[in-house]
Amino acid sequence: MVRILLPDGGRLEARPGERIIDAIPKGLGLVAKINSQLVDLTSQVSEGVDEIIILNFNSREGRQVYWHTSSHIMAQAVKRLFSNAKLGIGPAIDEGFFYEFDTSGKSFSPEDLERIENEMRNIVKEDLPIVREEIRKDNAMVLFEKRGEPYKVELLKEIEDKIVSIYRQGEFMDLCRGPHLPSTGYIKYLKILYASSSYWRGNERNPVMQRIYGISFPRKEILEEYLKRREEAKRRDHRILGPQLDLFSMPSEIIGPGLVIWHPKGAIIRRIIEDFLVRVHLKWGYKLVYSPHIAYTNLWKTSGHLSYYRDFMYVFDKEGIEHAVKPMNCPFHILVYKSRRRSYRELPLRFFELGTVYRYERSGVLHGLLRARGFTQDDAHIFTTPEDLEKEIYNVIELDEYLLRSFGFKEFKVELSTWDPGHPEEYMGSEEDWLRAQSSLERALRKKRYDYDIMEGEAAFYGPKIDVKLVDSIGREWQLSTIQLDFNLPKRFNVTYVDADGNEKTAVMIHRALLGSIERFFGILLEHYEGNFPLWLAPIQVRILPVADRHVGRAREILQVLDEAGVRADLDEARGTLGYRIREAELGKVPLLLIIGDREVESGKVAVRRKGEGNIGDIELKEFLNAYRKDFIPPDMR
RNA sequence: GCCCCGGUAGCUCAGCUCGGUCAGAGCGGCCGCCUCGUAAGCGGCAGGUCGCGGGUUCGAAUCCCGCCCGGGGCUCCA
């Protein structure tokens with residue numbers, strides 16, 4: 001007998017020869033896993049198998065299969081409605097699935113998509129059994145040739161196996177590795193999300209495909225929650241919120257794409273962030289440096305960036321010498337280091353700069369503040385001895401966590417990118433350097449008790465790195481901090497120090513940007529808080545609202561007290577009704593309102609209203625200041 | 001860069017299919033009235049090279065071409 005593990009932890013037994021699906025309660029699973037290999041539920045239990053694990057929608061693999069089958073249903077629906085559409089590929093993706101078709105360049109209209117979605121529901125209702133077949137590759141090629149599916153034939157050509165699998169459901173058939181759900185009826189709630197064009201195999205020289213994205217769920221509530229979350233994300237879009245709250249704008253048709261102008265309210269937030277960063281870095285032993293925005297391109301020739309990076313650089317000529325706007329700060333920081341000979345006694349040296357760089361990103365990848373052409377890195381380069389590397393890395397991680405927590409983020413994901421041990425020749429530096437460095441990074445992470453994923457082969461050619469992603473208020477992940485070792489630049493620039501033994505040694509260099517880019521971080525922060533910045537960052541912390549003209553005098557007195565206390569406050573003179581001005585303040589996301597009417601003038605108190613909470617009562621002005629004193633100022637000054 | 005979609009008042013958008021009172025609405029702005037107690041008081045006024053350039057036409061926001069800018073997408077491998 002074979003042991004079966006159910007998703008709910010239950011156990012069953014099955015006889016060899018029996019179909020898995022017949023051995024388990026109906027509807028309990030989506031797909032089975034045998035020796036870490038996914039198989040159809042409709043496959044038979046074979047002899048000699050120890051254990052079969054049944055997966056449902058709660059597992060990643062279960063979801064992937066669910067969505068993969070959904071993509072086949074989409075393809076079937078499209079073939080029913082547009083019989084001359086040619087099938088491309090249709091995988092499950094992180095969230096949902098897509099299928100792409102060659103429709104001779106004709107795109108799907110919203111009405112088409114609606115019809116496709118309805119046809120998909122029909123196919124679900126038909127509950128067609130999904131059947132796996134294994135056939136010889138050459139037969140498969142004839143088969144797909146006959147069905148007029150040139151892309152499938154092309155894919156087949158590249159498959160090396162002699163036997164391939166195809167899946168059938170009703171009149172539909174697809175080349176597919178599988179596995180799939182037992183029948184189309186397993187898909188309960190589905191939705192087409194959007195369509196767009198793409199290239200066959202992502203190559204712009206290939207034919208244009210029309211790609212349709214969709215999502216599906218076993219329960220209605222999850223679908224609704226998912227759609228709500230998408231709406232939520234749309235509502236938080238920093239590209240809408242930014243101009244709406246008068247924080248920044250990107251008048252690209254006037255100044256060019258990917259560039260930001262900061263309005264007063266955005267600029268003050270940015271300045272508060274930057275001041276905070278500078279203070280904290282100084283406290284953590286970094287030295288502040290500045291470097292120019294342009295330099296001879298030769299500088300980047302020395303660094304080796306030019307050959308690889310040239311297309312991303314703004315290059316121009318002056319007096320016959322080629323200059324470039326800096327796309328990165330590292331060479332300058334190296335020059336600071338190299339301005340004189342360094343002794344091991346002064347290491348580690350940590351140079352910090354809010355360095356504004358410009359990179360000519362391809363127009364298609366630009367996305368508001370999140371991907372701009374001009375942006376400011378919270379950049380630092382640490383020069384250290386190999387002996388101190390682990391300690392330095394540990395400190396950087398600690399600083400990173402402090403910074404991110406200060407901005408209200410609580411959940412992080414850490415990735416350690418290492419080299420591919422199979423191809424040491426593709427990397428700069430000796431095997432010894434790499435192994436030692438990688439284990440330094442790993443020890444630092446372990447000492448910090450971080451869970452981390454090792455991404456083997458993901459390191460850059462010049463060194464391993466640690467990436468930190470954060471999770472925002474609606475569960476989205478953002479790649480933020482990067483801590484990167486560099487074996488390359490110290491050699492190219494001959495970055496050395498005199499060690500205790502009198503010998504000149506090459507320093508180890510760490511690049512690190514913790515918020516990454518101030519612009520991008522600002523965009524993430526804006527979306528995370530939906531514009532409701534924590535008090536210490538709010539551009540206007542307190543607004544004073546006199547009820548009528550006769551209260552303006554008292555309101556001015558209060559404004560002065562707040563000004564003197566260093567609180568960012570303004571006064572909304574008594575124009576229009578109180579209700580109107582409150583609404584304006586709420587929409588403008590002003591966190592605290594002080595309302596001054598007859599009662600307050602009389603008592604000398606202030607009526608406090610907190611955004612989103614409403615009136616919280618009258619208190620003395622002094623008490624009010626006391627209550628919020630800490631929240632008004634940056635975390636490091638509390 | 002390439003493909004699809006889009007660009008009309010500061011903002012959101014209608015008008016474009018079938019060229020001719022099609023230059024509109026709401027919000028915002030400004031001016032007046034109202035002096036007001038916790039998310040929109042009332043009235044009036046101003047505001048647009050219909051993204052830019054060219055073409056077709058007696059006539060173009062509307063049709064055609066080019067350009068600029070924006071949005072989505074461009075393997076997460078049958």
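Order of the sequence lines sets the chain letters (A, B, ...), proteins ahead of strands, with each chain counted from 1.
Distances shorter than 4.0 Å separate some side-chain N or O of Ser252(A) from OP1 or OP2 on rG70(B). For the pair Arg211(A) and rU75(B), the criterion of a side-chain N or O lying under 4.0 Å from OP1 or OP2 is not met. Phosphate contact (OP1/OP2 of rA39(B), side-chain N/O of Arg581(A), threshold under 4.0 Å): absent. OP1 or OP2 of rG37(B) has not a single side-chain nitrogen or oxygen of His551(A) nearer than 4.0 Å. For rU38(B), neither phosphate oxygen OP1 nor OP2 lies less than 4.0 angstrom from any side-chain nitrogen or oxygen of Arg583(A).
You'll find the ring centres of His180(A) and Tyr167(A) inside the 6.0 Å limit.
Rounded to whole Å, atom P of rG29(B) lies 6 Å from atom CD of Glu584(A). One interatomic measurement links the two molecules: CG of Leu593(A) to P of rA39(B), which rounds to 10 Å at whole-angstrom precision. Ile89(A) places its CD1 atom 11 Å from the C1' atom of rC74(B), with the value rounded to the nearest Å. Following rounding to the nearest Å, Asp237(A) (CG) and rU12(B) (P) show an atom-to-atom distance of 12 Å. In this structure, OH of Tyr580(A) is placed 12 Å from C1' of rA39(B), rounded to the nearest angstrom. rC77(B) atom P lies 15 Å from atom OH of Tyr99(A), rounded to whole Å. Between the CE atom of Met250(A) and the P atom of rG10(B) there is a distance of 21 Å, given to the nearest Å. In this structure, Ile212(A) places its CD1 atom 18 Å from P of rU75(B), rounding to the nearest Å.
In this structure, CH2 in Trp478(A) is found 12.5 Å from NZ in Lys469(A), a value given to the nearest 0.5 Å. Between atom CG of residue Leu559(A) and atom CZ of residue Arg554(A) there is a gap of 11.5 Å, rounded to the nearest 0.5 Å. To the nearest 0.5 Å, atom CD of residue Glu133(A) and atom CG of residue Asn139(A) are 11.0 Å apart.
Within a heavy-atom distance below 4.0 Å of RNA chain B, the residues of residues 144-166 of chain A found are Lys152(A), Leu155(A), Ile159(A), Val164(A).
Base engagement by Asp598(A) is indicated by at least one non-hydrogen atom pair under 4.0 Å involving a base atom. Across all strands shown, Tyr213(A) has heavy atoms under 4.0 Å from sugar-phosphate atoms exclusively, and none from any base. Within the 4.0 angstrom heavy-atom criterion, only backbone atoms of the sugar-phosphate kind lie near Ala92(A); the bases stay farther away. Residue-level contact check: Pro257(A) touches the backbone only, with heavy atoms under 4.0 Å from sugar-phosphate atoms and none from bases. Looking at heavy-atom distances under 4.0 Å, Gly576(A) makes contact with a base. Within 4.0 Å of Leu587(A), counting heavy atoms only, lies at least one base atom of the nucleic acid.
A donor-acceptor contact under 3.5 Å links the side chain of Glu600(A) to the base of rG37(B). Below the 3.5 angstrom threshold, one finds a donor paired with an acceptor across the side chain of Arg609(A) and the base of rU38(B).
The C1' atoms of rC58(B) and rU17(B) are separated by 23 Å, rounded to the nearest whole Å. As rounded to the nearest Å, rA9(B) and rG32(B) have P atoms that lie 28 Å from one another. When the C1' atom is used for both rG70(B) and rG51(B), the distance is 11 Å, rounded to whole Å. Nucleotides rG47(B) and rG66(B), compared at atom C1', are 32 Å apart to the nearest Å. rG43(B) and rA39(B) have their C1' atoms separated by 23 Å, with the value rounded to a whole Å. A distance of about 14 Å separates the P atoms of rA60(B) and rG53(B), rounded to the whole Å. Remark: the separation of the C1' atoms in rC50(B) and rA25(B) is 16 Å, to the nearest Å. Nucleotides rC65(B) and rG10(B), compared at atom P, are 29 Å apart to the nearest Å.
Glu171(A) and Gln76(A) form a side-chain donor-acceptor contact under 3.5 Å, judged by distance and modelled atom types alone.
Which of rA78(B), rC36(B), rU75(B) sits closest to the side chain of Leu175(A) comes down to rA78(B). Of the candidate nucleotides rA78(B), rA39(B), rG72(B), rA78(B) has the atom lying nearest to any side-chain atom of His68(A). Picking from rG71(B), rU35(B), rA78(B) the nucleotide with the shortest atom distance to the side chain of Arg239(A) gives rG71(B). Residue Asp94(A) places its side chain closer to rC76(B) than to any other of rC76(B), rU38(B), rA78(B).
In terms of heavy-atom proximity, Pro182(A) sits nearest to Thr42(A) at CB-CG2, 3.9 Å.
Residues Tyr360(A) and Gly579(A) each lie close to RNA chain B; by heavy-atom proximity, the contact nearer the 5' end of the strand is made by Tyr360(A).
For the salt bridge (Lys or Arg N to Asp or Glu O under 4.0 Å) with Glu586(A), the lone residue among Arg610(A), Arg543(A), Arg609(A) that qualifies is Arg609(A).
Remark: rC30(B) base-pairs with rG44(B). Criterion, Watson-Crick or G-U wobble with two distances under 3.5 Å. rG70(B): Watson-Crick or G-U partner is rC5(B), with both key distances under 3.5 Å. Across the strands present, rC63(B) finds its partner in rG55(B); the criterion is a Watson-Crick or G-U wobble pair with both atom distances under 3.5 angstrom.
Contact check on Lys152(A) versus Asp174(A) returns a salt bridge, with a Lys/Arg side-chain nitrogen under 4.0 Å from an Asp/Glu carboxylate oxygen.
The backbone N or O of Pro327(A) sits less than 3.5 Å from a side-chain atom of Arg359(A), completing a donor-acceptor pair. Checked by atom type and distance alone, the side chain of Ser473(A) pairs as donor or acceptor with a backbone atom of His528(A) at under 3.5 Å.
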